[in-house]
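A short worksheet on the structure shown next.
Ligands are counted one by one from 1 in listed order, and the atoms in each one are counted from 1 as well.
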Amino acid sequence: MNSEAALLLETVNFAAEKHRKQRRKDPEETPYINHPIGVARILSYEGGVTDIEVLQAALLHDTVEDTDTTPEELEDRFGPIVARIVQEVTDDKSLPKQERKRLQVEHAPHCSQQAKLVKLADKLYNLRDLNACTPVGWSAERVQEYFVWAAEVVKGLKGTNSALEEKLEDQFKQRGVQL
Ligand SMILES: Nc1nc2c(ncn2[C@@H]2O[C@H](COP(=O)(O)OP(=O)(O)O)[C@@H](OP(=O)(O)OP(=O)(O)O)[C@H]2O)c(=O)[nH]1
Ligand SMILES: [Mn+2]
């Protein structure tokens with residue numbers, strides 16, 4: 001086996017252990033790890049991304065935000081570049097939700113190209129998920145508001161990967177949201 005394949009297995013195993021107790025918000029309570037794996041798969045299969053550090057960061061992208069994982073732990077295990085990309089896509093959960101959402105819109109254009117790729121794939125996965133089924137407790141209005149906010153974030157990521165941006169546009173069109 002080549003070393004990149006081994007490294008991706010190491011990374012997906014780390015993410016799976018960290019997210020092992022978490023479930024998605026859908027009625028079936030899908031294991032959370034399906035999301036980071038799906039985000040990495042969108043980058044590779046749909047975005048044509050081969051940069052191993054971007055694929056690793058995709059697998060790890062919610063570990064610091066949503067589990068006990070620290071940035072130092074990621075740096076020790078996976079190196080400074082992967083740790084930095086994850087840090088760039090990590091929301092500060094100590095801030096009020098409205099502020100967090102506002103900061104994503106503000107920060108998106110200033111992220112590195114690698115972080116922008118992860119953000120595009122994360123949004124594409126979540127919007128497809130929302131078009132497939134509504135999370136438990138979400139109203140139709142909340143779903144629509146998520147699309148409107150996500151479009152503001154994605155506007156700041158334009159010019160990063162045309163294949164992913166076109167697929168995002170399809171998702172927004174389904175909701176009548178202009179990109
Ligand atoms: N669509 C959908 N989302 C789900 C589901 N289960 C968990 N999520 C997660 O919920 C987040 C969106 O929900 P919000 O209420 O807007 O955000 P919050 O979790 O940060 O409070 C996403 O976080 P994120 O990946 O960090 O992305 P982002 O929204 O912060 O960019 C998404 O991954 C599900 O079943 N469907
Ligand atoms: Mn995510």
Side-chain angles (χ1 to χ4, degrees), residues 11-12 14-16 18-44 46-47 49 54-69 71 74 82 85-112 114-158 160-161 164-165 167-168 170-172 174-175 177 179:
T11 310
V12 76
F14 179 92
K18 289 296 189 177
H19 287 297
R20 71 188 183 282
K21 293 180 185 156
Q22 294 172 313
R23 296 291 177 273
R24 298 286 286 172
K25 297 168 183 166
D26 61 307
E28 289 182 29
E29 303 187 358
T30 303
Y32 196 85
I33 191 63
N34 284 39
H35 167 63
I37 292 173
V39 171
R41 195 260 188 184
I42 285 173
L43 285 168
S44 167
E46 302 187 61
V49 172
V54 172
L55 300 177
Q56 287 181 281
L59 291 169
L60 298 167
H61 82 272
D62 278 327
T63 57
V64 175
E65 192 173 302
D66 295 335
T67 78
D68 64 4
T69 308
L74 291 186
V82 171
I85 302 168
V86 174
Q87 208 45 33
E88 284 187 87
V89 303
T90 297
D91 282 358
D92 181 350
K93 282 271 179 108
S94 71
L95 296 173
K97 183 163 181 156
Q98 247 197 331
E99 178 72 352
R100 274 192 279 134
K101 297 281 171 189
R102 192 185 64 74
L103 285 172
Q104 277 207 37
V105 177
E106 193 176 303
H107 290 159
H110 310 292
C111 286
S112 67
Q114 291 167 311
K116 283 180 178 175
L117 284 168
V118 175
K119 290 180 76 67
L120 282 171
D122 189 23
K123 292 291 180 288
L124 181 54
Y125 186 105
N126 286 332
L127 296 177
R128 283 176 174 164
D129 225 2
L130 284 176
N131 274 331
C133 79
T134 305
V136 174
W138 285 38
S139 63
E141 292 70 32
R142 182 163 172 193
V143 172
Q144 192 66 19
E145 277 167 23
Y146 188 92
F147 273 82
V148 170
W149 164 76
E152 290 307 308
V153 178
V154 169
K155 277 178 200 167
L157 303 169
K158 276 189 177 177
T160 306
N161 181 294
L164 298 184
E165 287 162 48
K167 287 166 189 241
L168 276 156
D170 291 343
Q171 295 301 310
F172 290 119
Q174 288 189 43
R175 296 281 171 164
V177 174
L179 199 53

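- Contact annotation: Asp122 places an N, O or S atom under 2.8 Å from the Mn ion (ligand 2).
- Contact annotation: for Asp122 versus ligand 1, heavy atoms closer than 4.0 Å belong to the side chain alone.
- Neither the backbone nor the side chain of Thr30 comes within contact range of ligand 1; no heavy atom lies under 4.0 Å.
- Smallest separation of non-hydrogen atoms from Ala121 and Leu43: CB-CG, 3.6 Å.
- In terms of distance to the Mn ion (ligand 2), the nearest N, O or S atom of Asp62 is named OD2.
- Below 3.5 Å of separation, one finds no N or O of Lys93 facing any N or O of ligand 1.
- Regarding atom 6 (N) of ligand 1, its nearest protein heavy-atom neighbour is Lys25 N, 2.8 Å.
- For atom 12 (C) of ligand 1, the closest non-hydrogen atom of the protein is Tyr146 CE1, 3.7 Å.
- Geometrically, ligand 1 and Arg142 share a nitrogen or oxygen pair separated by less than 3.5 Å.
- For Tyr32, every heavy-atom contact with ligand 1 shorter than 4.0 Å involves the side chain, none the backbone.
- Checked options Arg175, Gln174, Gln171; the residue passing with Leu127 is Gln171 (criterion: side-chain contact (heavy atoms from CB on, under 4.5 Å)).
- Heavy-atom minimum distance, Leu130 versus Pro135: CD2-CD, 3.4 Å.
- In terms of protein heavy-atom proximity, atom 20 (O) of ligand 1 is closest to Arg100 NH1, 3.0 Å.
- Remark: minimum distance from atom 30 (O) of ligand 1 to any protein heavy atom is reached at Gln104 NE2, 3.3 Å.
- Contacts between Lys123 and ligand 1, counted as non-hydrogen atom pairs separated by less than 4.0 Å, involve the side chain only.
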